[in-house]
Amino acid sequence: MRLIFCITIIILFSFNIIAKEIGETEITTEDGIEVFQDEKYYLLKKNVKILSDNFNLNAKDVKIDFDKSLYDITELNAKGEVNFVSSKFGLNSISESLKFEVNIEKLRVSGKNSELITKDIKMYSDGLIEINNLSGDFKLEGPNSKLINETIFINAEKIDGIFSNIGDQKKISFLNVIDKKISYVKNNNTEMYAKKISFDNETSIIELIDDVVIIRNGEKIIGDYGTLDTKNNSYKIKSNNNTKVKVVIQNNE
Amino acid sequence: MNLFLHINKKIIFFFGLIIVFSFLIIIFSKQINIKNIDLKISQKILSNVDIAEPKFAISADSRKIHITAKEGNFLNKDQILLNKNVRFKSNDFSIETEQVIFDRNKQTAESNTKSLFTSKNTTIASDGFNIYDNGNKIMFYGNSLIVLK
């Protein structure tokens with residue numbers, strides 16, 4: 001009984017020593033740290049783990065820029081199997097590389113199979129995904145860029161827009177989608193194809209430019225320019241002078 | 001009659017004298033031994049240490065790092081092995097360790113013993129370090145732990 005009590009005390013004491021205190025950031029590396037005092041950065045090498053109140057990060061190598069002293073972190077660049085989890089920003093990401101600008105809360109993940117997931121929105125890309133937590137700006141660039149939430153699915157080479165926080169949810173207030181081949185947006189029961197698609201939440205209008213195709217309820221409408229009003233779910237399609245709007249009614253039976 | 005009155009006073013006196021002498025001899029001999037040991041140790045230390053409590057500095061335009069230790073031994077013309085309580089101190093930070101090779105010519109310092117770096121709101125524990133480029137660059141070796149407050 002006495003032995004068990006002693007062991008318990010030792011274990012609790014050990015945990016107390018190991019545990020990170022509130023407000024502290026704990027960084028561990030397997031192959032050391034190189035500090036460049038004049039250049040104001042330090043390199044963390046091999047199997048780096050960062051535990052802080054705002055986020056946890058794992059990566060092969062990390063470069064940290066600082067302002068006055070080592071604790072005064074301004075920018076963080078991580079490379080190799082980067083895993084970033086932030087309770088403060090409500091997001092987690094997996095990527096080949098990551099850049100985090102601490103003061104402006106701007107996060108950029110890049111590389112093949114990059115993903116950034118928040119509570120409401122999932123973003124994927126083989127290029128880069130960028131999100132600014134303060135301004136709400138976001139950007140996806142590169143092949144296989146996708147943005148998915150409860151009501152919308154977007155697939156294009158370049159997607160950028162602005163999130164707005166409504167309650168504890170992130171909603172898209174502005175969206176710009178471009179792909180030199182073709183962009184794809186699926187909203188509720190409507191599928192849209194165009195080289196450029198934009199959406200403004202204030203007007204509730206989705207604008208489609210060049211090689212426009214709208215598919216809904218078995219109808220396929222082809223034209224050069226189109227608008228879709230998300231409030232009343234109506235749409236208009238126009239064509240250039242030399243082409244005509246084409247409607248294909250599909251038989252689903 | 002009391003039994004103690006039968007004992008000869010002279011015998012008691014001599015017996016006491018013998019005890020006191022033997023006690024003094026023991027103390028005296030022990031003291032000599034301790035002195036010998038102390039002397040041997042101090043001779044040994046003196047014979048192995050080239051510099052007692054050495055002090056050096058790594059100087060750069062923007063900063064100066066003061067180096068102190070308990071012992072120092074010349075490895076060659078430029079390199080000095082600093083031993084015990086080795087401490088690097090600048091305006092920005094301090095590093096403590098047990099053994100360092102300091103190069104006076106190159107103005108570098110390298111250690112392969114457990115080291116503790118301390119600066120404002122920062123501590124770094126590592127398996128050693130290398131200070132180079134006039135103290136501008138510090139490389140911490142092996143498994144390292146940084147705690148930022």
Side-chain angles (χ1 to χ4, degrees), chain A residues 14-78 86 88 100 102-103, chain B residues 57-67 87-101 106-149:
Chain A
S14 308
F15 273 117
N16 196 33
I17 289 167
I18 295 162
K20 181 183 83 64
E21 284 178 26
I22 294 166
E24 277 185 358
T25 298
E26 196 180 282
I27 305 170
T28 54
T29 75
E30 280 185 9
D31 196 22
I33 305 148
E34 203 167 357
V35 182
F36 297 79
Q37 295 191 90
D38 288 346
E39 294 83 358
K40 293 192 178 296
Y41 71 86
Y42 48 103
L43 302 174
L44 309 163
K45 296 169 185 175
K46 200 178 172 188
N47 199 12
V48 181
K49 288 176 185 168
I50 301 176
L51 302 174
S52 77
D53 291 348
N54 294 336
F55 66 85
N56 293 349
L57 182 140
N58 289 3
K60 278 185 179 171
D61 299 300
V62 178
K63 178 185 172 227
I64 293 179
D65 292 83
F66 60 89
D67 186 19
K68 285 169 189 148
S69 191
L70 301 181
Y71 70 94
D72 197 9
I73 296 172
T74 56
E75 194 177 302
L76 197 146
N77 284 280
S86 171
K88 187 190 174 186
F100 181 51
V102 177
N103 295 334
Chain B
I58 295 173
S59 298
D61 297 335
S62 56
R63 71 179 63 80
K64 191 168 188 176
I65 305 167
H66 298 276
I67 309 162
R87 191 176 163 89
F88 291 71
K89 183 99 181 74
S90 78
N91 288 334
D92 305 322
F93 67 85
S94 72
I95 306 175
E96 286 167 37
T97 190
E98 279 303 296
Q99 206 170 61
V100 171
I101 294 174
K106 291 178 186 167
Q107 292 276 285
T108 59
E110 188 165 13
S111 171
N112 288 307
T113 53
K114 296 270 181 201
S115 312
L116 185 70
F117 169 98
T118 317
S119 75
K120 192 186 173 190
N121 296 339
T122 308
T123 55
I124 302 174
S126 70
D127 294 338
F129 64 88
N130 183 12
I131 299 178
Y132 59 104
D133 193 17
N134 288 319
N136 170 38
K137 290 165 190 166
I138 308 171
M139 185 184 276
F140 295 94
Y141 295 142
N143 287 314
S144 306
L145 168 72
I146 307 180
V147 178
L148 307 169
K149 287 177 185 170

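What you see is a predicted model, and the numbers here were worked out from it, not measured in a lab. To find a chain, count down the sequence lines: A is the first, B the second, and so on, and within it residues start at 1. Any value given below was found using the heavy atoms of this structure, including those in side chains, with hydrogens, waters and symmetry copies removed.
Closest approach of B:Lys120 to A:Ser69, counting heavy atoms only: O-OG, 4.0 Å. Taking all atoms of both residues into account, the shortest heavy-atom contact from B:Asp92 to A:Gln37 is OD2-OE1, 4.5 Å. Of all heavy-atom pairs between A:Tyr71 and B:Leu148, the closest is CA-CD2, 3.7 Å.
Note that CG of B:Leu145 is 9.0 Å distant from CD1 of A:Ile27, once rounded to the nearest 0.5 Å. In this structure, the separation between CD1 on B:Ile146 and CD1 on A:Ile50 is 8.0 Å, given to the nearest 0.5 Å. Residue A:Tyr42 holds its OH atom at 6.5 Å from OG1 of B:Thr122, rounded to the nearest 0.5 Å. A:Ile33 contributes atom CD1, which lies 13.0 Å from atom OH of B:Tyr141 (distance to the nearest 0.5 angstrom). Rounded to the nearest 0.5 angstrom, B:Phe117 CZ and A:Leu70 CG are separated by 5.0 Å.
In this structure, B:Lys137 places its NZ atom where more than 12 heavy-atom neighbours from other residues, nucleotides or ligands lie under 6.0 Å away.
Within the 4.5 angstrom heavy-atom criterion, no atom of B:Phe129 approaches chain A. Using a 4.5 Å cut-off between heavy atoms, A:Leu44 contacts chain B through its side chain alone, with no backbone atom that close. For A:Lys45, the part lying near chain B is the side chain, with the backbone staying farther off; criterion is any non-hydrogen pair under 4.5 Å. Heavy atoms closer than 4.5 Å to chain A are found nowhere in B:Ser126, neither backbone nor side chain.
B:Asn136 contributes a side-chain N or O that, together with a main-chain N or O of A:Asp38, makes up a donor-acceptor pair within less than 3.5 Å. A:Glu24 places no side-chain N or O within donor-acceptor distance of the main-chain N or O of B:Val147, the cut-off being under 3.5 Å.
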